[in-house]
Amino acid sequence: MSLRKLPLLLTVMLVLTGFAGSAYADISSAAVLFLRIAPGARAAGMGEAFVAVADDATATHWNAAGLGTYPLADSWKDTWVPKAYRPLKAVAALKTGRGSDFQAYELWAIAPGGLIRYDNRSWHTQEVFRTRTTQTVGRIVSSYFNVTDEAKLASIVARVSAANSPMTLEELKALRDSILNVLPEDYDQKSGMSDNFDSVLTAYPACLVNWEKIGKAKRLLADGLKDGALSNTEADRISFAIERARNRFIPEDLYLPYTTLLNGEPNAIASNGARLLVGTNEGLLAYNGKSWKRYSTR
C-alpha cells in the first residue's frame, strides 16, 4: 500500500469507529437495560406520553399525583345499610356505567328479605318502569325477566300485579261478596253490579284496576251501613263506582320486585363485573344490567 493512501484509510477508520462508539453509547446509557422499558403496558402503548393521565399503580413512576385519582383515591365512600336489610349475606358489584370508579358500579346483595340493589344513592328491592299506553304488564315482565313459558309468565305477572295493588285478589273478591250480600232485596241492578265486579276481577292481573274508585265504593258501603242497611240510592252510587273501576291503561309507574322473579331463596351471588349471577335452591339466574335470564338445573 502506498504511503499516499494511508491518510485516507486512517480517516475512514476513525469515522467508522466514531459511529460505532456513538451507537454503543446509545444502547448502554442505562445502568440496567430493563430500566429502559416503560412501566405499564398502557403507558408503553401511548408512547410513554402518560404523565398527564397517570391514574394507576405505575403513577409512582410517571406522576405521583396520579395516586390521588380514581381508582387509587385516598378516600372511602360509606353507605348505611338499613336495619331491615341487615345482616347482608353476600355482596357483588355490577358495572352499569362508564369509567372505573365506584360510580360506575351498583352493589347487589342478599338480605334477609331477598335480593336488594344499591345505586350509590339508596337501596332498592324492586325496579320501577315508566310505562307507555301501548304496553302491558305481560310484555314488560316477559322482556325484563326473559320469560316465554306461558305458565311461568302468568305466575310472575300475578305476583307483579299483587305488588302493584293495595289489595290482594282475595280481598277484592271479599269486598264484592260483602257488597252483593247487603244489597236491598228489591234492588234490580244486582246482576249488573255482579258483572261489573267480574270485569274488575279480570282486570286485576293486568294492573288495570282503578283503586281510587274501589276506595270510593268501600267508603260508600261503610257510610250506607251506618244506619243498618243500604238504600237503593246508596246501592246505585256503589254500582256507579264499580262500573268505573276498570282502567284502560296500566299505571304510569310499574313496580317489579326482585322477589317476583325468584322462585326460591337466594343463597349465592357473584359477578364478573358485566354480569350478575344469582343462585337459588331452584336454579341460577343471570342479569346483564337490562334483563334477566334463567338457567335450568341442567
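We use all heavy atoms of the structure for the numbers below, so side chains are in, but hydrogens, waters and symmetry mates are not. Just so it is clear, the model here is predicted, and its values are computed rather than measured. Position 1 is the first residue of the sequence; numbering continues from there.
By the rule that hydrophobic residues join a cluster once side-chain heavy atoms approach within less than 4.5 Å of another member, I116 and L261 end up as members of separate clusters. Under a hydrophobic-cluster definition in which Ile, Leu, Val, Met, Phe, Trp and Tyr are linked whenever side-chain heavy atoms come within less than 4.5 Å, directly or via other members, V182 and F240 are assigned to different clusters. In the hydrophobic clustering of ILVMFWY residues, with side-chain heavy atoms under 4.5 Å counting as a link, I179 and Y204 come out together. Hydrophobic clustering, with ILVMFWY side chains joined whenever heavy atoms are under 4.5 angstrom apart, groups L285 together with Y287. Under the 4.5 Å side-chain heavy-atom criterion for grouping Ile, Leu, Val, Met, Phe, Trp and Tyr, L220 is connected to V209 within one hydrophobic cluster.
Not one N or O on the side chain of D177 forms a donor-acceptor pair closer than 3.5 Å with the backbone of L180. Here the side chain of W62 pairs a donor or acceptor atom with the backbone of P39 at under 3.5 angstrom. Listed for the K95 side chain is a donor-acceptor partner under 3.5 Å among the backbone atoms of G97. At least one donor-acceptor pair under 3.5 Å links the side chain of W123 to the backbone N or O of W80. R246 places a side-chain N or O within 3.5 Å of a backbone atom of S199 that can act as its donor or acceptor partner. When atom types are taken as modelled, the side chain of N247 and the backbone of F249 share no donor-acceptor pair closer than 3.5 angstrom. No donor-acceptor pair closer than 3.5 Å links the side chain of S142 to the backbone N or O of G138. Panel note: side chain S178, backbone L175; a donor-acceptor pair is recorded below 3.5 Å. Between the T260 side chain and the I156 main chain, no donor and acceptor come within less than 3.5 Å of each other. A donor-acceptor pair under 3.5 Å is formed between the side chain of N120 and the backbone N or O of Y105.
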Steps toward side-chain contact (heavy atoms from CB on, under 4.5 Å) verdict (F129, L256): CA-CA 8 Å; F129 282 82; L256 272 65; 3.8 Å; yes
side-chain contact (heavy atoms from CB on, under 4.5 Å) evaluation trace for L153 with F145: CA-CA 9 Å; L153 180 61; F145 290 147; over 6 Å; no
Before giving the answer on side-chain contact (heavy atoms from CB on, under 4.5 Å), spell out for L254 and C207 the whole-Å C-alpha distance, their side-chain angles and the decisive distance to 0.1 Å. CA-CA 9 Å; L254 186 68; C207 291; 4.1 Å; yes
I238 and L230: side-chain contact (heavy atoms from CB on, under 4.5 Å), yes or no, with the steps? CA-CA 10 Å; I238 295 174; L230 290 179; 4.0 Å; yes
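Taking each heavy atom of A286 and L277 in turn, the nearest pair found is CB-CD2, 3.6 Å. Heavy-atom minimum distance, A235 versus L183: CB-CD2, 3.8 Å. When all heavy atoms of A245 and I214 are compared, the pair lying nearest together is CB-CD1, 3.7 Å. Residues A93 and S271 come closest through the heavy atom pair O-OG, 2.7 Å. Here the closest non-hydrogen pair linking N272 and R275 is OD1-N, 2.8 Å. In terms of heavy atoms, V157 sits closest to P205 at CG1-O, 3.4 Å.
Atom OH of Y85 is surrounded by more than 12 heavy atoms from other residues, nucleotides or ligands within 6.0 Å. Within a 6.0 Å radius of CZ in R42, more than 12 heavy atoms belonging to other residues, nucleotides or ligands are found. More than 12 heavy atoms of other residues, nucleotides or ligands lie within 6.0 Å of CD in E127, so this atom counts as buried by the packing criterion. Within a 6.0 Å sphere centred on CZ of R121, heavy atoms belonging to other residues, nucleotides or ligands number 12 at most.
At least one side-chain heavy atom of Y187 sits less than 4.5 Å from a side-chain heavy atom of D236. Using a 4.5 Å heavy-atom cutoff, the side chains of L225 and E234 are not in contact. The shortest distance between side-chain heavy atoms of Y295 and K293 falls below 4.5 Å. Under the 4.5 Å side-chain criterion, counting only non-hydrogen atoms from C-beta, N232 is in contact with D186. The shortest side-chain heavy-atom distance between N164 and I250 does not fall under the 4.5 Å cut-off.
Separating the CD atom in E106 from the NE2 atom in H124 is a distance of 8.0 Å, to the nearest 0.5 Å. Atom CD of Q135 is separated from atom CD1 of I140 by 4.0 Å, given to the nearest 0.5 angstrom. The line from OG of S143 to NZ of K290 is 10.5 Å long, rounded to the nearest 0.5 Å. Atom-to-atom distance recorded for D198:CG and K173:NZ is 10.0 Å, nearest 0.5 angstrom. Remark: I269 CD1 to L276 CG distance equals 4.5 Å, nearest 0.5 Å. Between R139 atom CZ and T131 atom OG1 the span is 13.0 Å, to the nearest 0.5 Å.
Using modelled atom types and a 3.5 Å distance limit, the side chains of S155 and R159 yield a donor-acceptor pair.
Ring pair W108/Y258 is tilted by interplanar angle, where 30° to 60° counts as tilted.
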